[in-house]
Amino acid sequence: MGRALIDTQYYRQSLPLEWLKAPADDNRVHLLEFLRGVLYSLSASKNKHSREVHVAQIRSAFDTLGVPALSRIGLKLLALFREAEPLYGGYWLPTPFRVIEVNDQYLFIGAVPTSLGYLGNVRNEGLCRLLTPEIAAQFPRQSISNWMGIQQTDPSSVVSKFFHDHKLKAVPTITIAGLEYLDFVTVGHKARRRFVWSTNPVPVNADHQIAVCRQRQAGAYRYFSAEIRSGKIISEATIEQSIPRLMFALARQVDKPVVASVFHGSEAIEVTIPERLPIEVYRLALLLSKHIVRRGSSTFHLPPRFAPELIRRFISLGCVVETYK
C-alpha cells in the first residue's frame with residue numbers, strides 16, 4: 001500500500017472534490033478522513049505494526065492541498081480522540097484500533113480512513129463512526145471512562161483531596177504579587193456563569209481559609225492552593241488535580257453549581273453549559289455531538305441516544321441539570 005494512499009486519485013474517490021479544492025477546518029469529518037489516510041499510509045509497515053511518522057511528512061501531504069496549517073488542527077483532533085499520540089522529536093504514532101460502547105452503539109477509535117472498507121458498513125453521526133455489532137466484535141473494547149482519561153469522578157472526593165493535599169504539602173511563603181483568586185458568583189439567570197477570577201483574597205470555602213490561586217508566569221498560568229489569614233497568604237501548595245474539574249466540584253460544594261440546560265428538540269437534544277469543560281469531558285462531547293454552537297456558552301447538539309451519556313458526565317462534574325421542552 002505504502003504512499004499510494006495519499007495519491008490524488010485515492011482522495012478523489014474517498015473525499016468530495018469540493019473539499020479537496022478548498023479544504024477547511026470547519027468540515028472536521030473530511031479533515032479527519034484525509035489525515036487518517038495520510039497517517040495510516042505513512043505508518044504502515046511490512047510486519048503489520050504501525051511505525052512512528054514525523055510531522056514534516058504529514059505536513060507535506062497538506063502542502064499538496066495548499067493548507068499546511070490544517071495538519072496542526074487535524075493532529076490536535078486525532079490526539080483529542082486518542083487515535084494518535086505525539087512522541088518526542090516531532091513524531092506521531094497511531095494508537096491501537098478499538099471500540100467504545102455508548103448506549104448499545106459501537107464507536108470505532110482508530111486512525112484508519114473509513115473509505116478503505118476495513119470497518120464494514122460504517123454509519124457516521126457527527127464525528128462518530130458507528131460499527132455493526134459483528135464488525136465491532138473484531139476489535140478490543142475500551143471503557144468510556146478509560147478512553148476519556150478520567151481517574152476520579154466524585155465531586156466530593158475531588159474537594160476532599162484538594163483540602164487534604166494542601167494540609168499535607170503546604171509550605172510557608174512570602175507575599176506573592178500579581179495573584180488572582182477563584183470565586184463563584186451568579187451573573188444573571190441566562191448566563192449562569194459561576195467562575196470568576198478576582199484580585200481580592202477570598203477562600204473557596206468559609207470552613208477552610210484555603211483559596212485557589214493563579215499567577216501568570218512566562219505567558220502561562222501557575223495554579224496553586226493558598227491559606228489566607230487576615231487577607232494575606234501564609235502558605236501555598238501545588239494543585240495536582242485537573243483545575244477545571246476542581247472548579248466544578250468546588251462550585252457544587254458552595255451551593256453554586258454550574259447549570260447545564262437541556263432542550264429536547266424534534267431531531268436532537270441541545271445541552272448548553274456556560275463554563276469551559278475539563279478536557280476529558282470535552283473529548284466525549286465533541287465526539288458525540290452532531291455540531292457545536294459557541295456564543296459565550298457552548299451548546300452541544302446530540303442524537304437522543306447519546307445525550308444521556310453526556311448529561312451523566314456533566315452530573316458527575318457537579319453540575320445541576322435543568323430540562324426544558
Side-chain angles (χ1 to χ4, degrees), residues 149-261 272-282 285 294-298 313-322:
I150 293 177
Q151 298 179 346
Q152 193 174 36
T153 59
D154 178 27
S156 61
S157 297
V158 171
V159 172
S160 296
K161 180 174 174 21
F162 168 72
F163 291 120
H164 178 265
D165 284 355
H166 182 86
K167 182 179 180 181
L168 189 67
K169 302 173 183 178
V171 295
T173 187
I174 58 175
T175 301
I176 306 173
L179 290 188
E180 292 181 308
Y181 304 83
L182 177 65
D183 197 4
F184 305 101
V185 297
T186 303
V187 187
H189 177 76
K190 291 184 179 180
R192 298 294 183 90
R193 300 306 296 265
R194 289 295 185 264
F195 308 148
V196 62
W197 292 92
S198 169
T199 55
N200 297 321
V202 54
V204 293
N205 188 302
D207 297 330
H208 301 82
Q209 293 300 305
I210 309 297
V212 174
C213 305
R214 70 179 186 182
Q215 180 185 36
R216 196 163 185 82
Q217 293 182 336
Y221 281 111
R222 174 179 80 98
Y223 292 88
F224 59 95
S225 59
E227 184 176 0
I228 299 175
R229 287 289 182 269
S230 301
K232 295 183 179 179
I233 292 178
I234 63 172
S235 67
E236 68 169 273
T238 301
I239 299 175
E240 297 180 354
Q241 301 184 78
S242 162
I243 299 297
R245 183 171 287 275
L246 174 62
M247 291 164 67
F248 276 84
L250 286 169
R252 175 180 177 272
Q253 192 202 49
V254 299
D255 201 26
K256 292 184 180 178
V258 175
V259 176
S261 302
T272 299
I273 195 158
E275 302 292 351
R276 185 175 180 179
L277 292 169
I279 188 65
E280 64 272 14
V281 181
Y282 178 71
R294 294 185 177 88
R295 293 185 184 133
S297 300
S298 294
R313 298 293 173 172
F314 284 175
I315 293 172
S316 73
L317 281 177
C319 295
V320 167
V321 175
E322 294 184 354

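In what follows, every heavy atom counts, from backbone to side chain, and hydrogens, waters and symmetry copies are set aside.
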message = Taking G219's backbone N and O only, do any of them form a donor-acceptor pair with R216's side chain (distance below 3.5 Å, no angle check)?
response = yes
Counting C-beta onward and ignoring hydrogens, is there a side-chain heavy-atom pair between [X] and [Y] closer than 4.5 Å?
X    : Y    : answer
V281 : R245 : yes
I243 : Y223 : yes
I210 : K167 : no
L317 : P278 : yes
P274 : V259 : no
V258 : V320 : no

Excluding sequence neighbours, so at least two apart, what forms side-chain hydrogen bond (donor to acceptor under 3.5 Å, both in side chains) with [X]?
X    : value
T173 : E236
Q241 : none
D165 : K161

task = Verify whether the ring centers belonging to F248 and F195 lie closer than 6.0 Å.
result = yes
Roughly how far, to the nearest 0.5 Å, is [atom2] of [Y] from [atom1] of [X]?
X    : Y    : atom1 : atom2 : result
L246 : F162 : CG    : CZ    : 5.5 Å
F314 : S261 : CZ    : OG    : 10.5 Å
S316 : D154 : OG    : CG    : 9.5 Å
S298 : E275 : OG    : CD    : 10.0 Å

Nearest atoms (heavy-atom pairs only) where [X] meets [Y]:
X    : Y    : answer
A249 : P155 : CB-O, 3.6 Å
S156 : R252 : N-NH1, 4.4 Å
Q215 : A177 : NE2-O, 2.9 Å

inquiry  = Is it the case that over 12 heavy atoms from other parts of the model lie below 6.0 angstrom from the CZ atom of R222?
reply    = yes
query = Does R295 CZ have over 12 foreign heavy atoms under 6.0 Å away?
reply = no
In chain order, what residues pass the salt bridge (charged side-chain N to carboxylate O under 4.0 Å, His left out) check against [X], with sequence neighbours excluded?
X    : value
R294 : none
K169 : E240
R214 : E180

ask   = Under 6.0 Å from the six-membered ring centre of F184 and within 45° of its axis: does the NZ or CZ of R194 meet both?
value = no
task = Let me see the working for I233 and Y181 under side-chain contact (heavy atoms from CB on, under 4.5 Å), right down to the final yes or no.
result = CA-CA 11 Å; I233 292 178; Y181 304 83; 3.7 Å; yes
key: Evaluation steps, side-chain contact (heavy atoms from CB on, under 4.5 Å), between I228 and I234   = CA-CA 6 Å; I228 299 175; I234 63 172; over 6 Å; no
task = Mind running side-chain contact (heavy atoms from CB on, under 4.5 Å) on W197 and L179 for me, showing each step along the way?
result = CA-CA 9 Å; W197 292 92; L179 290 188; over 6 Å; no
key: V212 vs S225, side-chain contact (heavy atoms from CB on, under 4.5 Å): CA-CA, chis, key distance, verdict   = CA-CA 5 Å; V212 174; S225 59; 5.8 Å; no
